[in-house]
Amino acid sequence: MKIKSNILGVLCLCGFSAVSAQPNVNVTWQNQTNRLNENGKPEYVQRFIISGDLSKLKGIGFNQFEALLTPVNPKDKVTEIIPSYFLIESERFDSGADSIWVDIVTSGQWSNYSFGADGVHGVDKNDKPFDVNFSRLSATDRAEQYSLPGRDRMPYGDAIYAINERISGGKTPGRFDMLPSLKKVTDRGGINKTRSLPDVKIVKSPNPEYYRIEITPDRVEIEGASEKAVNLARVTLDKLREINGGVLPTGTIEDWPDYGYRGLMIDISRNWQSLDEMKKLVKLMADYKLNTLQFHLIDDEGWRLEIPGFPELTELGSRRGYTRDESEFLAQTYSGNGNPDASTFANGFISRADFIDFLKYCKELGIRVVPEVETPGHARAAIKAMEARYRRTGDDTYRLIEDGDTSKYSSAQDYHDNAMNPSVPGSYRFMNKIFDEIIAMYQEAGAELPSIHIGGDEVPHGAWSGSPSAQKMMAEKGLKTESQLHAYWAQEMANMLRGKGLQVSGWQDIAVDKDTVFSKKLIPDIEFVNLWVTWKRGDETETPAERSQRLGIPIVLSSAHGYYFDMAYDWHPDERGLTWSGVTDEFLSFNTYPSVMAPKENGGSVVGVQGQLWSETVRGPEWLEYYLFPKMLGMVERSWNGDTTYTEQDYNQIIDLVEMPFLDGRDTNYRIRQAGIKKGADGKIMMNSPYRDATIRYTTDGSEPSPESAVYSKPIDVPNGTKTIKAKLFHRGKESVSSILRL
């Protein structure tokens, strides 16, 4: 895969060069079976079929979520380079064989596409990476490939059939139906063909984004509570004209959002997205009346923003590939081809000039950009980069860790070296420099910057347990736990930003999950915290939203249940995405009501709603768009309209007949739902679709349906001996994953 990038020259300054006369190696991957081991724990057997120039091969590198990997053949060896990055080596490479199978017993249950091997590449005898021809075999031939006994979560054809029946049959969208839906509409039945500019009037309203539109056959009038409200009215008019064939329906609209903060968090640290794609996305955000981009630029796996004076942050921190010491670039994570160049979505960064240009573009669209700099956890890229600076210059001014630290910990992503140390001076000097440079970029762009987001989530237990300076600081300041040291760090970041005229934002870990004394002290400096855990944990007596509101912490509802768009759409093994928070589709996000997560309490402050797209499993712009659309449309509706609006049936019709054509007009990828299959009482096979005018194609021999497969038009008789029926939906140039009915 190739990506658009204006940074190729910068990325290649490392002196890395391709190896000539690369070996020709093919790697085919398949999960063989899920099973329970002798201790009753789940494990699976994955197979790598390796063929070609094996005698020139030292190993096969690949990425996979952290697990214990044990080769079946004693002549094979799997080495972990860093968590989630492995190297297969084998004595059998030199046996003279044309191909070998490497079977690996892997801890855990394999469940879908994203849990398979990725970033597969070769390593030659000179210890240099090279491309291989990589492919995957089917993961749905047998149920044991994706399920365990009693744990089969595959959405089989009959279950999909029932879902399609439930969500189908809504009314045809009216002339004013769109997402997010308009609060009050009077349809007068006529049309306006004029292209004249609307008359605009500013009016008073308690909601600064309230607007009213009057459309007659010969004129358009806008009343808005602010220029921002007037711009929202213009967005509505543009979409009305587009979905009505270039004319405006006559009528009266009164509209306003229920939440002032309507956001989307996009992570480009774990895997890169170009600014061209981000500009496309923020334009779509504006089209859907979202107003805030939380831009996750920095994490363990990548530093994506140029910072003058710290070239190591991008020279090392924005590049990943095959390395044993990470002295020049980070070890490959999640994806890549072993090369630290711009040929994959592992690598890339935004130059200072391009970021300023991007901020200006977002400002024109009415999108505020909240920059996120993860601290003190999730800081591995920064730590490695500053250690490289220290080795290169001998200057320890900006070191983020200390010698002699024996802390033992494991982060949420299984890193053991990703926590900035709050007790070393370099950490504060570093963050001060980062804050100043970001502020300068915003000032040059003329862009709004009320706060900087410091992340603050998922600091691993024991992160500073073996740090001499941390233990000394805790004793001097009367801090009894590492949680209190974490709280001290957050307060110091808030103090630093206050001195620069800004507030602080962060994940709920910086305030909601701390003791009451600390939380109340920090609140005056907080613009908002993202509430990502919205349910009670352990023996808690109140939800995080209840606690936040009781304390007066301003919260943005960012629930992992319903608003984390990197969760897979469903449990189908061919779907992409994580599942730790369940699965999320456009109906779950639609039915995730802010008022249910956070009922309004006296003194409480729920400032907004936000969707999140973490990028561990995202590979490029098409995948990003697939994850977001139509999944995020439910959140779009709930951020504007907190209470019930459309029925599920009507919502589905609007997605099909209004929003999909709208996205097609913007060359935007999206996911379509599956075909349903069930066996009727008469023995005939019936199939259904959730969309109008979609085509269902099917097979009866267990093979994958293709554009050439038979078209379903009426119930079919099952040929004798049929064991598996598969069907795919083909709609608007896209195809679904296969639905399966086993007979």
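Applying the salt bridge (charged side-chain N to carboxylate O under 4.0 Å, His left out) test to residues at least two apart or on different chains, the pairs with a partner in residues 641-655 are R166-E648, K171-D650. Counting only residues at least two apart or on different chains, the salt bridge (charged side-chain N to carboxylate O under 4.0 Å, His left out) pairs with a member in residues 542-559 are E542-R550.
Not counting sequence neighbours, the partners of A487 by the side-chain contact (heavy atoms from CB on, under 4.5 Å) test are K514, F518. Residues forming a ring pair (Phe, Tyr, Trp, His ring centres under 6.0 Å) with Y361 (at least two apart in sequence, or on another chain): none. By the ring pair (Phe, Tyr, Trp, His ring centres under 6.0 Å) test, H486 pairs with no residue at all, sequence neighbours left out. Residues satisfying the side-chain contact (heavy atoms from CB on, under 4.5 Å) criterion with I298, sequence neighbours excluded, are W303, V373. Here E448 pairs with nothing under the side-chain hydrogen bond (donor to acceptor under 3.5 Å, both in side chains) rule; sequence neighbours left out. E659 meets the side-chain hydrogen bond (donor to acceptor under 3.5 Å, both in side chains) test with K239, Y288; sequence neighbours excluded. In this structure, the ring pair (Phe, Tyr, Trp, His ring centres under 6.0 Å) partners of Y428, at least two apart in sequence or on a different chain, are W489. Partners of Q549 under the side-chain hydrogen bond (donor to acceptor under 3.5 Å, both in side chains) rule, at least two apart in sequence or in another chain, do not exist in this structure. Every residue meeting the side-chain hydrogen bond (donor to acceptor under 3.5 Å, both in side chains) condition with K500, not counting sequence neighbours, appears here in chain and number order: N432, D436. Listed by chain and number, the residues in a ring pair (Phe, Tyr, Trp, His ring centres under 6.0 Å) with Y626 are Y569 (sequence neighbours excluded).
Under 3.5 Å, the side chains of S451 and Q503 contain no donor-acceptor pair of N or O atoms. Between the side chains of S351 and E306, no donor-acceptor pair of N or O atoms lies under 3.5 Å. Using a 3.5 Å distance cut-off with no hydrogens or angles, the side chains of T645 and E637 do pair a donor with an acceptor. The closest side-chain donor-acceptor pair between N192 and T250, if any, does not fall under 3.5 angstrom. No donor-acceptor contact under 3.5 angstrom links the side chains of Y211 and S205, judged on distance only. Residues S615 and N271 bring no donor and acceptor atom of their side chains to less than 3.5 Å of each other.
Side chains of E625 and K280 form a contact here, defined as non-hydrogen atoms less than 4.5 Å apart. Between W272 and I350 there is a side-chain heavy-atom pair separated by less than 4.5 Å. Residues I222 and R234 meet the side-chain proximity criterion, which asks for heavy atoms closer than 4.5 Å. Inter-residue side-chain proximity for L305 and I438 is flagged as met; some heavy-atom pair is nearer than 4.5 Å. With a 4.5 Å cut-off on side-chain heavy atoms, V370 and F295 do not count as touching. Side-chain contact between H453 and F528 is present, with heavy atoms from C-beta onward closer than 4.5 Å.
Note that CD of E301 and CD of Q413 are 6.0 Å apart. Values are rounded to the nearest 0.5 Å. M420 contributes atom CE, which lies 10.0 Å from atom CG of N418 (distance to the nearest 0.5 angstrom). A distance of 7.0 Å separates CD1 of I268 from CG of L275, quoted to the nearest 0.5 Å. If you take OH on Y259 and CH2 on W640, they are separated by 13.5 Å, rounding to the nearest 0.5 Å. Between atom CZ of residue R212 and atom CD of residue E221 there is a gap of 8.0 Å, rounded to the nearest 0.5 Å. Taken from CG in D525 to CD1 in I510, the straight-line distance is 10.0 Å, to the nearest 0.5 Å.
Listed for the T584 side chain is no donor-acceptor partner under 3.5 Å among the backbone atoms of M567. Formation of a donor-acceptor pair under 3.5 Å by the K201 side chain with backbone atoms of E223 is not found in this model.
Residue E622 qualifies as open at atom CD: its count of foreign heavy atoms under 6.0 Å is 12 or below.
Both the sub-6.0 Å distance and the 45° axial angle are satisfied by R638 relative to the ring of F590. Both cation-pi conditions hold for R666 and F662: the charged atom is under 6.0 angstrom from the six-membered ring centre and inside a 45 degree cone around its axis.
Each of D585, D656, D570 was checked for a salt bridge (charged side-chain N to carboxylate O under 4.0 Å, His left out) with R673, and the lone residue meeting it is D585. Exactly one of Q294, Q508, E372 qualifies for a side chain to side chain donor-acceptor pair (under 3.5 Å) with N530. That residue is Q294. No option in K289, K183, K600 other than K183 meets the salt bridge (charged side-chain N to carboxylate O under 4.0 Å, His left out) test with D258.
Remark: D513 engages R537 in a salt bridge, criterion side-chain N to carboxylate O under 4.0 Å.
Pairing each heavy atom of I553 with each of S519, the nearest pair is CD1-CB, 4.4 Å.
Ring orientation note: the planes of W614 and H296 are nearly perpendicular, at an angle over 60° on the 30°/60° scale.
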